[in-house]
S.K.: 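Structure below; questions to follow.
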Amino acid sequence: MKDDCIFCKLANHVFDTNIIYEDDDFTVILDVNPATKGHALILPKEHYADIYEIPEELLGKAAALAKKLVTALAKKLGADGYNIVQNNGETAGQTVFHFHMHLIPRYKDDGQRIGWEPGKPSAEELSELAGELKDLF
Ligand code: AMP
Ligand code: ZN
């Protein structure tokens, strides 16, 4: 646990919160400022700041857990869709620097926007970029 981390404290019962699921690795809580009704956060119990720090195996477990939870929650909440959002870094909108996945149920006409302005690169620009990037892995 990291002393000054709010999500460490919520995930490990130091502070009270609204928990909807818990296992050995994760605590899942309701977001205090939900985008929509039922907006939940998957929090690992151990502290990892972001996707760069979290071990691959635990990240895989988080993804599997997200699938299990949204499958049941969508039915229960009557959601028409789900956004799974995971921000890394301040520029990307991360405000709490303890890895978390947002599970955001979507309802028809809920008035929320989760998206971006589509860019319009040329076919050449895209193909040049792909050429530069594909050798990285
Ligand atoms: P992010 O911007 O991806 O770092 O998301 C942080 C999320 O944590 C936001 O949606 C906040 O509403 C939520 N949040 C911050 N503090 C708390 C808290 N004490 N309990 C529940 N959710 C919180
Ligand atoms: Zn933490």
Side-chain angles (χ1 to χ4, degrees):
M1 263 226 306
K2 194 162 173 277
D3 278 350
D4 59 350
C5 175
I6 177 82
F7 281 1
C8 279
K9 293 189 165 74
L10 296 175
N12 293 284
H13 301 269
V14 178
F15 293 157
D16 264 354
T17 189
N18 293 297
I19 295 174
I20 62 168
Y21 173 89
E22 187 168 8
D23 62 24
D24 288 347
D25 297 311
F26 302 101
T27 303
V28 181
I29 68 169
L30 291 182
D31 197 295
V32 75
N33 294 128
T36 60
K37 181 181 169 190
H39 180 169
L41 301 169
I42 298 181
L43 311 178
K45 290 185 171 178
E46 280 193 38
H47 182 87
Y48 303 103
D50 51 30
I51 199 164
Y52 309 111
E53 284 192 4
I54 191 170
E56 216 171 285
E57 193 191 335
L58 195 61
L59 181 62
K61 284 186 180 176
L65 179 58
K67 176 177 167 70
K68 172 171 148 174
L69 294 179
V70 302
T71 302
L73 287 167
K75 270 197 199 132
K76 171 73 180 171
L77 293 165
D80 304 304
Y82 248 95
N83 290 115
I84 297 175
V85 176
Q86 199 276 306
N87 298 326
N88 298 283
E90 205 174 334
T91 306
Q94 188 176 9
T95 59
V96 180
F97 295 89
H98 174 124
F99 177 95
H100 52 281
M101 286 171 79
H102 295 260
L103 309 179
I104 306 175
R106 300 304 302 273
Y107 308 94
K108 197 170 179 331
D109 302 323
D110 63 23
Q112 285 292 355
R113 311 153 312 282
I114 296 168
W116 54 86
E117 282 300 314
K120 293 197 182 349
S122 66
E124 292 73 27
E125 282 173 310
L126 275 183
S127 133
E128 192 184 320
L129 184 59
E132 281 174 34
L133 299 181
K134 73 178 181 205
D135 293 334
L136 259 178
F137 313 104

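Along the sequence shown, the residues carry numbers beginning at 1. Ligands are counted one by one from 1 in listed order, and the atoms in each one are counted from 1 as well.
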S.K.: Counting only heavy atoms, which portion of Val85 has something under 4.0 Å from ligand 1: side chain, backbone, both, or neither?
M.R.: neither
S.K.: Among the N/O/S atoms of His98, select the one at the shortest distance from the Zn ion (ligand 2) and name it.
M.R.: ND1
S.K.: Taking the six-membered ring for Trp and the single ring otherwise, decide whether the centroids of Tyr48 and His98 are under 6.0 Å apart.
M.R.: no
S.K.: Is a donor on one side and an acceptor on the other found under 3.5 Å between the side chain of Thr36 and the backbone of Pro105?
M.R.: yes
S.K.: Is it the case that one hydrophobic cluster holds both Ile51 and Leu65, taking links as side-chain heavy atoms less than 4.5 Å apart, direct or via other members?
M.R.: yes
S.K.: Considering only heavy atoms, which of Gln94, His98, His100 lies nearest to atom 5 (O) of ligand 1?
M.R.: His100
S.K.: Taking just the N, O or S atoms of His47, which one is nearest to the Zn ion (ligand 2)?
M.R.: ND1
S.K.: Please determine whether any non-hydrogen atom of Gln86 lies less than 4.0 Å from an atom of ligand 1.
M.R.: no
S.K.: Is it possible for you to say whether Ile54 and Tyr52 belong to one hydrophobic cluster, with membership spreading through side-chain heavy-atom contacts below 4.5 Å?
M.R.: yes
S.K.: Let me check something: do Ile19 and Val28 share a hydrophobic cluster, defined by ILVMFWY side-chain heavy atoms less than 4.5 Å apart, either directly or through other members?
M.R.: no
S.K.: Taking the six-membered ring for Trp, are His39 and His102 parallel (under 30°), tilted (30 to 60°) or perpendicular (over 60°)?
M.R.: tilted
S.K.: Any donor and acceptor pair, going by atom type alone, linking the side chain of Arg106 with main-chain N or O of Gln112 inside 3.5 Å?
M.R.: yes
S.K.: Of all the non-hydrogen atoms in the protein, which one sits nearest to atom 4 (O) of ligand 1, and at what distance?
M.R.: Thr95 N, 2.7 Å
S.K.: For Leu30, take its heavy atoms, then give the atoms of ligand 1 lying under 4.0 Å from any of them.
M.R.: 21 (C)
S.K.: For a side chain to side chain contact (heavy atoms under 4.5 Å, CB included) with Ile20, tell me which candidate from Leu73, Leu103, Leu69 qualifies.
M.R.: Leu73
S.K.: If you measure from atom 14 (N) of ligand 1 to every heavy atom of Phe99, Phe15, Phe7, which option wins on shortest distance?
M.R.: Phe7
S.K.: Hey, does Gly93 come in under 3.5 Å of ligand 1, counting only N/O atoms on both sides?
M.R.: yes
S.K.: Are Val85 and Phe97 grouped together when hydrophobic residues (ILVMFWY) are joined by side-chain heavy atoms under 4.5 angstrom apart?
M.R.: no
S.K.: Which ligand 1 atoms does Asn33 reach within 4.0 Å, using its non-hydrogen atoms?
M.R.: 12 (O)
S.K.: Is it the case that one hydrophobic cluster holds both Phe26 and Phe99, taking links as side-chain heavy atoms less than 4.5 Å apart, direct or via other members?
M.R.: yes
S.K.: Less than 4.5 Å apart, any side-chain heavy atom of Met101 and any of Leu41?
M.R.: no
S.K.: What do you reckon, does Thr17 have a nitrogen or oxygen under 3.5 Å from a nitrogen or oxygen of ligand 1?
M.R.: no
S.K.: For Ile29, counting its heavy atoms only, list the atoms of ligand 1 lying under 4.0 Å from any of them.
M.R.: 21 (C)
S.K.: How far is atom 17 (C) of ligand 1 from the closest protein heavy atom, and which atom is that?
M.R.: Val32 CG1, 3.7 Å
S.K.: Identify the protein heavy atom lying closest to atom 19 (N) of ligand 1, giving its residue, its atom name and the separation to 0.1 Å.
M.R.: Leu10 CD1, 3.7 Å
S.K.: Could you check whether Lys108 pairs with Asp110 (Lys NZ or Arg NE/NH1/NH2 to Asp/Glu carboxylate O, under 4.0 Å)?
M.R.: no
S.K.: Could you tell me whether Asn87 approaches ligand 1 through its side chain, its backbone, both or neither, with non-hydrogen atoms closer than 4.0 Å?
M.R.: side chain
S.K.: Touching ligand 1 at all, Phe97? Heavy atoms, strictly under 4.0 Å?
M.R.: no
S.K.: Check ligand 1 against His102 and write out every atom of the ligand that is under 4.0 Å from a heavy-atom position of the residue.
M.R.: 1 (P), 3 (O), 5 (O), 7 (C), 10 (O)
S.K.: Give a yes/no verdict on whether any heavy atom in Leu41 is under 4.0 Å from an atom of ligand 1.
M.R.: yes
S.K.: Could you find the nearest protein heavy atom to atom 7 (C) of ligand 1 and give me its residue, atom name and distance?
M.R.: Asp31 OD2, 3.5 Å
